[in-house]
Amino acid sequence: MKALVKAESAPGLVLQDVPEPEVGINDVLVRVTATGICGTDLHIRAWDDWARGAVRTPLTVGHEFVGEVVEVGANVNDFAPGDRVSGEGHLVCGRCRNCMAGRRHLCAATETIGVTRDGAFAELISLPMTNLWRHADDVPDDVAAIFDPLGNAVHSALKFRVLGEDVLITGAGPIGQMAAAVVRHAGARHVVITDVNPDRLAQSVAMGVTRAVDVRNESLADVQRELGMAEGFDVALEMSGQPSAMHDIIANMSHGGSIALLGIPTEDFPIDWTTVVFNMLTLRGIYGREMYETWYAMTVMLQSGLDISPVITHRFSHRDFEEAFDTAADGRAGKVLLDWTDT
Ligand code: NAD
Ligand code: ZN
């Protein structure tokens, strides 16, 4: 079968023939129809420091996908050929304290498809049945393809109560934009998003934000005054990984406010801990999705009117992956999809 592979320890990816994956007795084989390109895939293609440390070649990359079940192992009785599914990309051990307590997103022995084992940018992927989510019929294919990053947005956005609250989101990338639509759907009063990229700020207006703020020219203190906010943001979602965004958040929170941290910083940086302490802020790291409460929440919010489709700005054949990756990397696009039905 065809797969997009990091073949050797050097920048780039190749579309090449690889053996079809094995299907164990507890596994499900999925024919991939569409995939989404994530920042992780861009890091692996660029072969930066993080990628060199995390990936062993050869590796089939990718983790955001939707597809159709084509074969099930002998122990599998609740999936059948024809089911439309996506995969939870985190494979947990099932035996540690957190797994045994049902807190699978906190497993310390997590493996990641497309990073530590073969991924989804391929005609076929085989996954344990415990890692599959069957889509409701009314979820569009394009949206189903990006349930993985939508899950990052939903996990962060629903970590703290947002009903009636003022929410600050730093970083208007695809995940920040989806999180904006989610907190809006969940009943936030003001949703303010920040970025330093005018294209992304313009895209986030379509996601229903109250204000899209270019932090190079505007201060959040002024925006708070303009909106008639008296006490600061109640909830913040850090979705840029940038030190200055974290600084903006801590300087603009209400006393007792809560901060969900999804963005992955590339270096250590100072934090104004005095304000964190005196203003009694809560900081919470977020990784992946809750299995499978986040997946349930995504589905029912989409069924009750959440629309994240504007975040998808480009679609390419998997054969044009170079152009697709360049588009995703140049910072102006939202979510970029690859079509795998034309193999
Ligand atoms: P992205 O890189 O597309 O978006 C980040 C955005 O932050 C960009 O639009 C960038 O212009 C903006 N930005 C840069 N400097 C800024 C500043 N000073 N203030 C505000 N915004 C600024 O990334 P994405 O795909 O939307 O993902 C968001 C973040 O979440 C990334 O850091 C990514 O690595 C991380 N991530 C974490 C997890 C997890 O499980 N924890 C999963 C997926 C992604
Ligand atoms: Zn575990």
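Side chains included, hydrogens not; waters and symmetry mates left out as well; all remaining heavy atoms used. Both counts, for ligands and for their atoms, begin at 1 and track the order of listing. The chain is numbered in sequence order, starting from 1.
Checked options Asn26, Val85, Asn77; the residue passing with Met129 is Asn26 (criterion: side-chain contact (heavy atoms from CB on, under 4.5 Å)). Partner of Val30 under the side-chain contact (heavy atoms from CB on, under 4.5 Å) criterion, chosen from Leu127, Ile125, Val70: Ile125.
Scanning the protein for heavy atoms near atom 26 (O) of ligand 1, the closest one is Ile175 N, 3.1 Å. Asp195 OD1, 3.4 Å is the protein heavy atom nearest to atom 10 (C) of ligand 1. Atom 20 (C) of ligand 1 has its closest protein heavy atom at Thr194 OG1, 3.4 Å. Protein heavy atom in closest approach to atom 15 (N) of ligand 1: Gln242 CG, 3.2 Å. Among protein heavy atoms, atom 3 (O) of ligand 1 sits closest to Arg200 NH1, 2.9 Å. From the protein, the heavy atom lying nearest to atom 28 (C) of ligand 1 is Met239 O, 3.2 Å. In this structure, the protein non-hydrogen atom closest to atom 18 (N) of ligand 1 is Ser244 OG, 3.0 Å. Atom 37 (C) of ligand 1 has its closest protein heavy atom at Leu262 O, 3.1 Å.
Near Gly173, meaning under 4.0 Å from any of its heavy atoms, are these atoms of ligand 1: 3 (O), 4 (O), 6 (C), 9 (O), 26 (O). Within ligand 1, counting atoms from 1 as listed, the ones closer than 4.0 Å to a heavy atom of Gly171 are 6 (C), 7 (O), 20 (C), 21 (N). Atoms of ligand 1 found under 4.0 Å from any heavy atom of Ala245, numbered from 1 in the order shown, are 19 (N).
Taking a distance limit of 4.0 Å, we find that atom 30 (O) of ligand 1 is approached by some protein heavy atom.
Under 4.0 Å is where a charged nitrogen must lie from a carboxylate oxygen, and between Arg103 and Glu290 no such pair does.
Among the atoms of Ile286, some N or O lies under 3.5 angstrom from an N or O of ligand 1. Checking only distances, Ile264 does come within under 3.5 Å of ligand 1, N or O to N or O.
Checking Thr170 against Glu238 by side-chain atom types alone, a donor-acceptor pair falls below 3.5 Å. For the residue pair His185 and Ser304, a side-chain donor N or O sits within less than 3.5 Å of a side-chain acceptor on the partner.
By the criterion of a heavy-atom distance under 4.0 Å, the side chain of Asn152, and not its backbone, is placed next to ligand 1. Proximity of Asp248 to ligand 1, defined as any heavy-atom pair under 4.0 Å, is not found for any part of the residue. Here Ser240 has heavy atoms under 4.0 Å from ligand 1 in both its backbone and its side chain.
Residues Leu338 and Ser317 come closest through the heavy atom pair CD2-O, 3.9 Å.
Classification of the His318-Trp340 ring pair by plane angle, with boundaries at 30° and 60°, yields parallel. Using bins of under 30°, 30° to 60° and over 60° for the plane-to-plane angle, the ring pair Phe147/His135 lands in the perpendicular bin.
Taking the ring centre of Phe160 as origin, the terminal cationic atom of Arg284 falls outside the region bounded by 6.0 Å and 45° from the ring axis.
If you check each of Gly288, Gly263, Pro198, Pro149 against atom 40 (O) of ligand 1, the one with the closest non-hydrogen atom is Gly288.
Of the inter-residue distances, the one linking Met239 atom CE with Ile264 atom CD1 reads 11.5 Å to the nearest 0.5 angstrom.
Aromatic ring centroids of His247 and Phe269 lie 6.0 Å or more apart. Ring centers of His190 and Phe233: at least 6.0 Å apart, outside the cut-off.
Around the Zn ion (ligand 2), the angle linking Cys107 (SG) with Cys93 (SG) is 110°, rounded to 10 degrees.
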